[in-house]
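Only a predicted model underlies this, so the values are computations on that prediction, with no experimental measurement involved.
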Amino acid sequence: MEIPAKYESSAIEKKWYKYWIEKKYFHSEPDDREPYVIVIPPPNVTGVLHMGHMLNNTIQDILVRRARMLGKNAVWVPGTDHASIATEAKVVAKLKNEGIEKNTLTREEFLKYAWEWKEKHGGIILQQLKELGASCDWDREAFTMDEIRSGSVIKVFVDLYNKGLIYRGVRMVNWDPEAKTAVSDEEVIYSEENSKLYYVKYKIVGEDNYLIVATTRPETILGDVAVCVNPNDTRYSGLKGKSVIVPMVNREVPVIFDEYVDMEFGTGCLKITPAHDINDYEIGIKYNLPVIDIFNDDGTLNHSAGLFVGEDRFKARELSVEELKKLDLILKIEDYQNKVGRSERTNSVIEPKLSLQWFLKMEQLSKPALEAVENGNVNLIPSKFKNVYRHWMENVRDWCISRQLWWGHRIPAYYINDTNEFVVAGTEKEAVELAREKTGNKNLEAKDLYQDGDVLDTWFSSWLWPISVFNGILEPENPDFKYYYPTNDLVTAPEILFFWVARMIIAGYEYAGDKPFSNVYLTGIVRDKQRRKMSKSLGNSPDPLDLIKEYGADGVRVGMLLCSPAGGDLLYDNSLPEQGRNFANKIWNAFRLVKSWQVDENIEQPEHSKVAVRWFESKLNETISNINQQFDTFRLSESLMSVYKFFWDDFSAWYLEIIKPEYQKPIDKETYVRTLDFFKKICLLLSPFMPFISEELWQFMKDKNDPESIVIAKWPEINVVDKEILDEFENCQQVVANIRTVRQEKNIPQRDKLKLYVIKHCSYSSVFDTVSIKLGNLEEVIFTEEKINPSSGFLVKTNEYFIPLGNLINKEEEITKLKEELKYTEGFLVSVMKKLGNEKFVNNAPVNVIEIERKKQADAEAKIKILKEQIEGLK
RNA sequence: GGGAGCUUAGCUCAGCUGGUUCAGAGCACCUGCCUUACAAGCAGGGGGUCAAUGGUUCGAAUCCAUUAGUUCCCACCA
């Protein structure tokens, strides 16, 4: 069979993914085996794959593929999130493009458009995951708004309401005027922005004097109901019982006193606008002040404002400033930096706004979830997130779960005859029953009820995800749920630790009586080389699919993982997938080499191959053991690096070089068989990281006893690790490296054979001499008692090696080299002697440590003696 | 304002229980090679007061304290 010289990724990837799907290798059903479960963090249904997804899903795939190879019944459940606010925003924008305004549509009409959009664009991202090689069980795909998931959400809402944990109340919420909905605290991003601080004059009633108030939001003056100063502030002690005139609207409001006011800030006078500032609101309650809400839901001013009605809030700010200037009520304007909250979804400035919302009481619910992470039942990786988690959970606030949107799970509360009386029920029928009970009116019909117009926060469905994907809410006794829950590992970004992870743990204990997962692997954020977050708006994010096309899925996977430890940011650069692609090509070429060999059953296995096989077997086992350990501690980058170095250095640069037959000569059967076996085992180790190329090679190499696909092959077992042979081989590697250096320094071509003389001073195993002969291209290795002069010499441990080179040797150079080494060794000996001469050290240090030092001393002394002799000999 | 973390080679990071894994890896860099698997490669090489200071200890990159720089989380002072 013809094997191409370069690894062609695209065709191979398509071929094997199709094959895996046809063979249903990724599908799982409950059986006797131990389950291994990952649920995907569901991407937005209308989203497209970005670099963060790539990293995240590569990690999940690596974990699930290895678990599958370990013989576990592994399942990775895929799905998408309806992402109510993000999706609704997209649909609104799309309709607007087509000249349709949302507010001209009925709810039903809008939802029809939204579902159409979902059907058309939904799941693109899941298709893209397939290109990455994601081994999800596609038969189990779930959507947060499909029947089972919706039913689960409603059931849970009703249950929490009946438990008294959900309540409806007027609260100051974060209002997104663009999306016209409340958003949760977690969805508000604060950042420093440049603004102005306006010093505004408020006339004191009955005095010809002004009180100066500093504000960043002059437009809210229209909603002022008081001015507040600190009671300890001597500047204002004369103002007791006075009132001031609110500028522009000329409303008379009281001056009140509260220690909340910071005397240092601005003028020490704070204007109170309860409707538009959370702190003002609380002060308003405390002093029983009225609330004047001057904004409409879209951020324009309403009639309560009195002025600038219908203008946008920012326009109103400008107009207010103009007006104040005209009235000569502005003392000064300063540049000022303050923190401005913006909506995560729409980026519009959040408006604190009073509104009637639904809340979930969190304090009681979150207790077991806090406990679980504290006691290690749920393990956060890296563990530094434990602190962050604890801090949040201990200060958790009630969760505002209602959103003024249409796309989502509609709140199952039904108002009776448009009153504020309501019942909460899973279905309309039940609602009618309850309403009849509640009102005593047996004639109540469905038409007398009106369902709450709000939908639930997206996270109110995703917090159930690990349970609901197995239908564990609606049918807690079903075999899937009983078998797969709790899941094992969750892989996600630290940004959603509170949004999602914490709440899933809460829901797990409340609705499944157990944690939702054992380990949470928190990935880093993918950034560019300047450490900027990759984002569409910055245009610094490459398209993952282009990368896959260019570097191959395996190459990209390797690139993503090579330097991204858990919790550490990934500084992306094209050199990463390049390195991955180069690695794939390296593997491919090693394979081409092995595949090109002709086997001759009649030739004996050469000595160098025999020892190479012995060494490599131990090296392989040692490596597997390391990799297992790294997997167990979630050091995935390190485990990949272990495989990488093992393949590149140990296998390609050493093992294959040793056993490689001369050009166009055949190889003996024993070595060939062993080599194929090694190569197959390496493919197994590579398979979780690089599923495509490892499958391709597996198909070439497998024999009739092997599984038909590497996907279902077993992870290699560890056999003996012969420490001694590993050690001896390292000496051999040093000998070879020294020979190579001599060749390079003296310009001796590789094809010229050299003689190597050895004087043994310490343990010397000659089993690897054949290896030195082959790789160093030596004529022979000769043991001697006499130093060889003139020659180029080197030491490995305390054994002396000489390569006689006649007139190529420059005595002075050799002496200088030796003297340098002598000097270093003497210095080293001094430091060791100092330690050993220290009584306290000898008395306190453990025996083995002292022994090590004595060994160092002996070695150094021996080395010094040899070096001195060599220098003498040369003179 | 409250809290947590980080600082080791040019870059990204390991270094887990203080002592043989103790100063490491990959990439980048430098030198020499188109040597019949691979230039997407091979061989060789240089490079770090382990942020600073002090302490504990026979012994500190590692433990403690202080300082500096830096990142993140929480709270949201108009």
Is [X] close enough to [N] that one of its side-chain N or O atoms is under 4.0 Å from OP1 or OP2 there?
X	N	result
A:Trp648	B:rC42	yes
A:Tyr644	B:rC27	yes
A:Asn848	B:rG19	no
A:Arg531	B:rU12	yes
A:Lys835	B:rC58	no
A:Tyr389	B:rA4	no
A:Arg217	B:rC77	no
A:Arg740	B:rU35	no

Reckon [X] touches a base, only the sugar-phosphate, or nothing at all at heavy-atom distances under 4.0 Å?
X	answer
A:Glu657	base
A:Val388	sugar-phosphate
A:Lys595	nothing
A:Glu638	sugar-phosphate
A:Ser637	nothing
A:Asn844	base
A:Val261	base
A:Leu571	sugar-phosphate
A:Asn747	nothing
A:Asn387	sugar-phosphate
A:Pro494	nothing
A:Ala584	nothing
A:Phe591	nothing
A:Ser575	nothing

Exercise. How far, in whole Å, is B:rA52 from B:rA60 if one measures between their P atoms?
Worked result: 15 Å

Problem set entry | Span that lies between the C1' atom of B:rU17 and that of B:rU35, in whole angstrom | 48 Å

Seminar exercise, completed: Given the options A:Phe583, A:Phe689, A:Phe651, A:Tyr644 meets ring-ring contact (aromatic ring centres under 6.0 Å, His included) only with A:Phe583

For this session: Between A:Lys855 and A:Lys529, name the one whose nearest nucleotide on RNA chain B is closer to the 5' end.
Result: A:Lys529

Exercise. If each of A:Lys840 and A:Gln733 is mapped to the nucleotide of RNA chain B with the nearest heavy atom, which maps nearer the 5' terminus, i.e. the 5' end?
Worked result: A:Gln733

For this session: Report yes or no: does A:Asn379 contribute a side-chain atom to a donor-acceptor pair with the main-chain N or O of A:Asn519 at less than 3.5 Å?
Result: no

Exercise. Any donor and acceptor pair, going by atom type alone, linking the side chain of A:Lys774 with main-chain N or O of A:Lys660 inside 3.5 Å?
Worked result: yes

How many Å lie between [atom1] on [X] and [atom2] on [N], as a whole number?
X	N	atom1	atom2	result
A:Asp277	B:rC77	CG	C1'	9 Å
A:Arg751	B:rC42	CZ	P	21 Å
A:Arg592	B:rA40	CZ	P	14 Å
A:Lys660	B:rC42	NZ	P	11 Å
A:Gln337	B:rC77	CD	C1'	15 Å

Problem set entry | A:Asn777 side chain to A:Gln750 side chain, donor-acceptor N/O pair below 3.5 angstrom | no

Exercise. Step by step, would you call A:Glu8 with A:Lys6 a salt bridge (Lys or Arg N to Asp or Glu O under 4.0 Å)?
Worked result: CA-CA 6 Å; A:Glu8 304 291 346; A:Lys6 296 262 172 193; over 6 Å; no

Problem set entry | base_contact_polar (B:rA14 base, A:Gln630 side chain, donor-acceptor, <3.5 Å) | no

Exercise. Quick one: does A:Lys586 reach the base of B:rC38 with a side-chain donor-acceptor pair under 3.5 Å?
Worked result: yes

Problem set entry | A:Gln630 and its side-chain hydrogen bond (donor to acceptor under 3.5 Å, both in side chains) partner, picked from A:Ser642, A:Ser639, A:Ser625 | A:Ser642

Exercise. Should A:Gln734 and A:Lys797 be marked as a side chain to side chain contact (heavy atoms under 4.5 Å, CB included) after you check the CA-CA gap, both sets of side-chain angles, and the distance that decides it?
Worked result: CA-CA 10 Å; A:Gln734 277 188 49; A:Lys797 287 199 173 158; over 6 Å; no

